[in-house]
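All ligand and atom numbering here is 1-based and tracks the order in the structure. No experiment lies behind these values; they were computed from the predicted model shown.
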Amino acid sequence: MNILVLGKPGAGKGSVAEVIKEKTDIIHLSTGEIFRKEIAQKTELGILAKSFIDKGNLVPDEITNEIINSILKKDPSKSYLFDGYPRTVNQAVSLKKAMKALGMGLDGVFDLEITDELVIERLTSRRVCKKCSMIYNTRNHNPKVPGVCDNCGGEIIQRDDDKIDSIKARLVVYENQTKPLIEYYDSEKILYKVDGSKDAIDCYYSIMEILNAKK
Ligand code: ADP
Ligand code: ZN
């Protein structure tokens with residue numbers, strides 16, 4: 001089973017993915033996470049990606065497509081949860097081609113819907129663990145010890161792209177480049193809408209209900 005979560009930045013893709021990952025044996029593929037790991041390790045790819053990411057722009061398609069293709073090629077028999085990829089129609093076309101060549105397919109695309117106001121509210125208060133990427137929030141989900149991850153003891157930080165100017169830029173990028181994917185997957189008849197203003201666990205149940213009904 002391969003599924004994809006779509007939505008504005010802050011729609012909860014990463015949080016829903018964390019729940020799904022905990023409850024199934026699906027592999028979580030987050031291009032944002034992959035880039036952040038590369039940035040932390042100061043690799044060539046990381047340094048290049050950071051120059052796009054901090055401005056709220058997308059990393060070029062060729063780079064992103066190649067990363068995903070090489071992962072899928074290594075193990076096409078596994079189940080994948082795509083989070084933050086594809087983000088452009090060009091990437092979606094590339095993914096379809098790569099999956100087809102490997103005998104893979106998408107079972108469902110879940111669009112987590114939220115308003116821009118909620119995006120800004122969520123992202124300006126979002127904090128993440130530098131080490132394990134666990135997500136926190138200064139409004140309603142603080143670690144037990146301030147600044148220290150409950151899960152791994154790592155340092156909790158604010159992402160550079162969660163500052164207000166980057167958030168606004170990311171919302172524009174979403175409108176122009178990612179939103180067209182909704183129509184793309186709707187025409188492929190695999191698009192399902194989920195209320196992203198709900199908690200991650202509720203989004204998870206909605207997604208599972210839809211997938212079970214398809215069986
Ligand atoms: P969010 O969904 O909260 O914006 P992500 O962790 O998915 O965060 O992505 C962070 C940043 O990484 C994006 O704003 C973008 O610059 C870059 N990025 C992630 N995925 C892709 C992708 N598929 N294509 C191009 N750039 C990407
Ligand atoms: Zn941690």
Side-chain angles (χ1 to χ4, degrees), residues 4-18 28-40 45-69 71-72 80-95 98 110-112 114 116 118-137 141-181 196 200:
L4 199 161
V5 282
L6 269 185
K8 292 175 186 172
K13 303 185 293 289
S15 304
V16 172
E18 269 179 32
H28 179 205
L29 267 188
S30 158
T31 38
E33 276 310 309
I34 294 171
F35 291 135
R36 277 189 289 281
K37 290 224 167 81
E38 297 283 335
I39 291 169
L45 169 63
I47 291 162
L48 180 68
K50 188 171 167 52
S51 67
F52 295 98
I53 292 174
D54 286 355
K55 293 194 199 92
N57 292 327
L58 296 184
V59 177
D61 285 340
E62 311 81 71
I63 298 174
T64 315
N65 289 337
E66 182 47 41
I67 292 171
I68 294 294
N69 291 355
I71 294 172
L72 296 182
Y80 293 93
L81 164 63
F82 297 93
D83 159 14
Y85 179 90
R87 240 181 170 85
T88 63
V89 172
N90 192 351
Q91 291 181 10
V93 172
S94 166
L95 178 64
F110 300 91
D111 179 27
L112 302 175
I114 69 166
D116 286 2
L118 192 52
V119 167
I120 291 169
E121 197 179 308
R122 279 185 180 176
L123 293 191
T124 50
S125 56
R126 173 161 81 176
R127 300 292 181 272
V128 293
C129 171
K130 210 172 162 179
K131 213 159 132 198
C132 77
S133 307
M134 178 104 166
I135 300 165
Y136 295 89
N137 194 290
H141 181 203
N142 285 294
K144 293 193 184 78
V145 180
V148 181
C149 178
D150 293 342
N151 187 39
C152 77
E155 184 193 350
I156 295 171
I157 55 154
Q158 180 175 35
R159 280 168 42 176
D160 285 334
D161 63 345
D162 278 348
K163 313 263 158 81
I164 188 73
D165 289 344
S166 290
I167 295 170
K168 286 187 176 151
R170 283 154 68 200
L171 280 169
V172 174
V173 168
Y174 170 84
E175 275 305 311
N176 295 336
Q177 307 201 55
T178 308
K179 209 176 165 191
L181 285 179

Discussion item. Using side-chain contact (heavy atoms from CB on, under 4.5 Å), reason through Tyr85 and Leu4 one step at a time and then give a plain yes or no.
Written reply: CA-CA 8 Å; Tyr85 179 90; Leu4 199 161; over 6 Å; no
[atom]: which protein heavy atom is closest, and how many Å away?
atom	value
atom 27 (C) of ligand 1	Phe35 CE1, 3.8 Å
atom 10 (C) of ligand 1	Arg159 NH2, 3.6 Å
atom 3 (O) of ligand 1	Arg170 NH2, 2.9 Å
atom 24 (N) of ligand 1	Gln91 NE2, 2.8 Å

Under a 3.5 Å distance rule, please check whether [X] uses its side chain to pair with a backbone N or O of [Y] as donor and acceptor.
X	Y	result
Lys8	Ile114	yes
Gln177	Val173	no
Lys130	Ile157	no
Lys55	Ser51	yes
Ser125	Asn137	no
Ser166	Gly56	no

If the contact criterion is a heavy-atom separation under 4.0 Å, does [X] count as touching ligand 1?
X	result
Phe52	no
Gln177	no
Arg36	yes

Item to complete: With the Zn ion (ligand 2) at the centre, find the angle made by SG from Cys129 and SG from Cys132, to 10°.
Response: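 Taking the Zn ion (ligand 2) as the apex, the two atoms subtend 110°.
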Worksheet item: Quick one: angle Cys152 SG - the Zn ion (ligand 2) - Cys149 SG, to the nearest 10°?
Response: 120°
Worksheet, complete the sentence: For Tyr85, the ligand 1 atoms with a heavy-atom partner under 4.0 Å come out as 23 (N)
So, regarding [X] and ligand 1 (criterion: nitrogen or oxygen to nitrogen or oxygen, under 3.5 Å), is there a contact or not?
X	value
Asp83	no
Arg87	yes
Pro86	no
Lys13	yes
Pro9	no

Worksheet item: What do the steps show when you test Leu123 against Arg170 for side-chain contact (heavy atoms from CB on, under 4.5 Å), and what is the final call?
Response: CA-CA 11 Å; Leu123 293 191; Arg170 283 154 68 200; 3.7 Å; yes
Worksheet item: Thinking salt bridges, do Asp161 and Arg159 make one under a 4.0 Å N-O criterion?
Response: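 Looking at Arg159 together with Asp161, the answer is yes, because their closest N to O distance falls below 4.0 Å.
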Fill in: Asn57, portion touching ligand 1 at heavy-atom distance under 4.0 Å
backbone
Item to complete: With side-chain contact (heavy atoms from CB on, under 4.5 Å) as the test, would you mind laying out the steps for Ile67 and Leu45 before giving the verdict?
Response: CA-CA 10 Å; Ile67 292 171; Leu45 169 63; 3.8 Å; yes
Worksheet entry | Within-4.5 Å side-chain heavy-atom neighbours: Asp150 and Pro143 |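 Of all side-chain heavy-atom pairs linking Pro143 with Asp150, at least one is under 4.5 Å.
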Practice prompt. Please work out which of Thr31, Ile53, Thr178, Val59 has its closest non-hydrogen atom nearest to atom 21 (C) of ligand 1.
Written response: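 Minimum heavy-atom distance to atom 21 (C) of ligand 1 goes to Thr31.
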Worksheet entry | Selected option - heavy-atom contact closest to atom 22 (C) of ligand 1, from Val119, Val128, Asn90, Thr64 |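 Of the listed residues, Thr64 has the closest heavy atom.
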